[in-house]
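So you know, we letter chains A, B, ... as the sequences are listed, proteins then strands, and number each from 1.
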Amino acid sequence: MGIRLFNTYTRQLEEFTPLDPAGQQVKMYTCGPTVYNHAHIGNFRAYLFEDLLQRHLEARGYQVERVMNLTDVDDKTIRNSREAGRRLADFTAIYKDAFFQDVDTLRIKRAQHFPAATEPRYIERMISMIQQLESQGIAYQAEDKSVYFRLSKFPDYGKLAHLNLDELRPSGRIANDEYEKESIGDFALWKAWDEKDGDVAWDSPWGRGRPGWHIECSAMATALLGPEIDIHCGGVDNIFPHHEAEIAQSECCTGKKFVRYWLHCAHLMVDGQKMSKKLGNFYTLRDLIEKGFTGREARYALLTVNYRLPLNFTLPGLESARASLARIDEWVDRLTAHAAGASPTATPLSDFTEKFFAALDEDLNISGALAPLFDLIRESNSALNRSELSPAEAAQLLADWRRIDSVLGFEREAAAIPADVLALVEQRQQARADKEWKKSDELRDEILAKGWVVKDTKEGPKLTPR
RNA sequence: GGCGGGGUAGCCAAGUGGGAAGGCCGAGGUCUGCAAAACCUCUAUGAGUGGGUUCGACUCCCACCCCCGCCUCCA
């Protein structure tokens with residue numbers, strides 16, 4: 001059985017088959033950050049969902065070519081860079097770097113391409129796409145010198161979001177400086193220079209200005225992946241109008257169906273409410289790190305709720321993630337100690353692994369996948385307690401775990417134990433052998449003070465970072 | 001007003017027209033010099049509310065309540 005994914009366009013679970021005739025290559029485009037600030041954990045929830053999707057596809061044998069764009073020019077980047085008194089490129093460079101650091105902290109696999117909107121080749125491509133749309137009578141320049149997409153030329157607009165455009169209610173968010181448009185729904189392809197733009201401008205056939213937001217994704221996606229893409233992801237808030245606009249622009253330019261599977265991730269909430277700076281429940285990844293949490297703990301907390309469900313993020317939830325990871329760590333450590341380099345041999349417990357992947361096949365049902373993992377942990381721990389697991393079987397379970405973790409990315413990074421700590425452990429072992437319990441306990445405290453927890457197991461003392 | 005998503009134990013959460021997964025927390029126990037971990041046991045006679053269909057409903061249908069989101073540049 002193959003992978004099934006929920007397609008926003010059809011609102012149905014669909015069997016996934018890539019466009020590639022060989023059924024191997026998967027082309028995936030993911031909307032990335034606008035680099036005007038540190039990305040917040042809601043942004044990262046989307047990127048983690050995309051990471052899970054990529055990793056699962058790869059575990060199932062696909063080769064994923066993924067693009068994530070960086071929006072480095074828009075109202076917010078311009079505004080914030082001017083407030084900071086820096087050139088736009090210098091300003092966004094700070095947040096691009098920060099973004100990649102955060103991506104690494106969360107163990108998100110790097111996409112092959114991270115195109116930025118302001119790269120000359122993409123600006124050129126956006127301009128040539130707009131020119132093409134203009135020659136087709138789809139784009140027009142309004143009195144304000146900006147260029148707009150003539151929605152009346154693309155009847156499919158609204159189909160992704162399942163919106164009936166005639167029934168749209170003006171929500172007050174329609175910018176009041178866009179009265180020059182032929183129709184209220186027409187969206188900007190090219191924005192004429194404005195005083196607020198300062199020195200941010202490119203020359204174009206329509207005068208100086210900058211690209212609209214939507215066109216950048218169409219340009220970068222088709223430039224890097226071609227006219228047809230297998231999977232396009234983003235947050236639900238991108239469905240309308242951003243992804244509708246992408247479809248309209250791309251399909252009018254290429255004449256081909258732009259995207260075959262649209263996947264959208266639900267919003268993150270914090271403490272039951274929408275995350276906002278006003279409510280004081282706004283977190284960046286860095287905020288969590290400052291509170292003493294690790295990237296993988298955040299990864300666990302943000303990844304272990306199905307992507308189509310709203311995720312209520314809480315600090316107790318992070319604590320829970322920490323405890324769950326500790327259980328996995330302990331289990332891996334036990335298996336490693338027991339396997340002791342033995343060659344893997346099949347064990348009846350291995351079928352849990354198939355259940356894990358089968359659950360992910362079903363629209364990335366992560367909860368359904370974790371259940372058999374924890375079943376496996378419980379049963380193999382129990383077998384170890386009863387001395388009913390051979391080293392070869394332990395080695396097999398470790399191999400199974402590595403397959404599972406290639407998707408989860410949860411395994412603890414090995415930390416080198418400092419020599420002085422090892423020496424203290426030696427001393428403590430001697431004290432214990434001599435039944436000098438008081439000295440032994442003092443040494444344990446001393447080791448703890450150095451950041452390590454020592455546990456006496458059947459296999460001898462075990463050290464874990466505090 | 002239109003269109004979506006959701007309401008399952010203290011918290012997070014899955015699947016299913018017929019025994020309510022799993023994780024965290026909590027309680028008791030086994031083990032241990034002690035501790036920790038691990039393991040075992042316990043923790044929803046009940047699924048937002050009220051109806052209906054059915055031999056049987058958490059699951060299907062209807063109504064209502066509540067939460068969250070989108071409705072023209074928010075992941």
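- Nucleic acid contact class of H40(A) (heavy atoms, under 4.0 Å, all strands): base.
- Rounded to whole Å, atom P of C12(B) lies 18 Å from atom CD1 of I366(A).
- Relative to the side chain of L309(A), the nucleotides A14(B), U72(B), G23(B) differ in distance, and A14(B) lies closest.
- Not a single donor-acceptor contact under 3.5 angstrom links the side-chain atoms of R334(A) to the base of A37(B).
- An aromatic stacking contact links W437(A) with the base of G33(B), defined here by ring centres under 5.5 Å apart and ring planes under 30° from parallel.
- Looking at heavy-atom distances under 4.0 Å, R327(A) makes contact with sugar-phosphate atoms alone, never a base.
- H242(A) comes within 4.0 angstrom of nothing in the nucleic acid, heavy atoms only.
- Residue V453(A) is classed as having no contact, given no heavy-atom separation below 4.0 Å to the nucleic acid.
- At the heavy-atom level, K462(A) lies nowhere under 4.0 Å from the strands shown.
- The closest side-chain donor-acceptor pair between E411(A) and W401(A) falls under 3.5 angstrom.
- Across all strands, G185(A) comes closer than 4.0 Å to base atoms (heavy-atom distances).
- In this structure, of G22(B), C34(B), G5(B), it is G22(B) that holds the atom nearest to the side chain of D375(A).
- In this structure, A323(A) and R378(A) both approach RNA chain B, and ranking their closest nucleotides by distance from the 5' end singles out A323(A).
- For the pair N381(A) and C39(B), the criterion of a side-chain N or O lying under 4.0 Å from OP1 or OP2 is met.
- Among the atoms of the strands shown, base atoms are found under 4.0 Å from some heavy atom of K455(A).
- Residue-to-nucleotide proximity on RNA chain B shows that, of I377(A) and E319(A), the 5′-proximal contact is made by E319(A).
- Side-chain atoms of S324(A) lie closest to G23(B) of the nucleotides G23(B), A13(B), C71(B).
- For S440(A) and G33(B), a side-chain-to-base donor-acceptor distance below 3.5 Å is present, hydrogens and geometry of angles not being considered.
- Among the protein residues, G317(A) comes within range of no part of the nucleic acid, since none of its heavy atoms lies under 4.0 Å from any strand.
- Taking only side-chain atoms of L163(A), from C-beta outward, the nucleotide of G23(B), G2(B), G4(B) with the closest atom is G2(B).
- Ring-centre distance between H232(A) and Y261(A): not below the 6.0 Å cut-off.
- R444(A) contributes a side-chain N or O that forms a donor-acceptor pair with the base of C34(B) under 3.5 Å.
- Ring centroid separation for the pair F99(A) and Y47(A) comes in under the 6.0 Å cut-off.
- In the set G23(B), U72(B), C34(B), the nucleotide with an atom closest to the side chain of D441(A) is C34(B).
- Checking G4(B), G33(B), C12(B) against every side-chain atom of N312(A), the shortest atom distance belongs to C12(B).
- At a threshold of 4.0 angstrom between heavy atoms, the contacts of D456(A) include nucleobase atoms, whether or not backbone atoms are also involved.
- Nucleic acid contact for P316(A): none, since no nucleic acid atom lies under 4.0 Å from a heavy atom of the residue.
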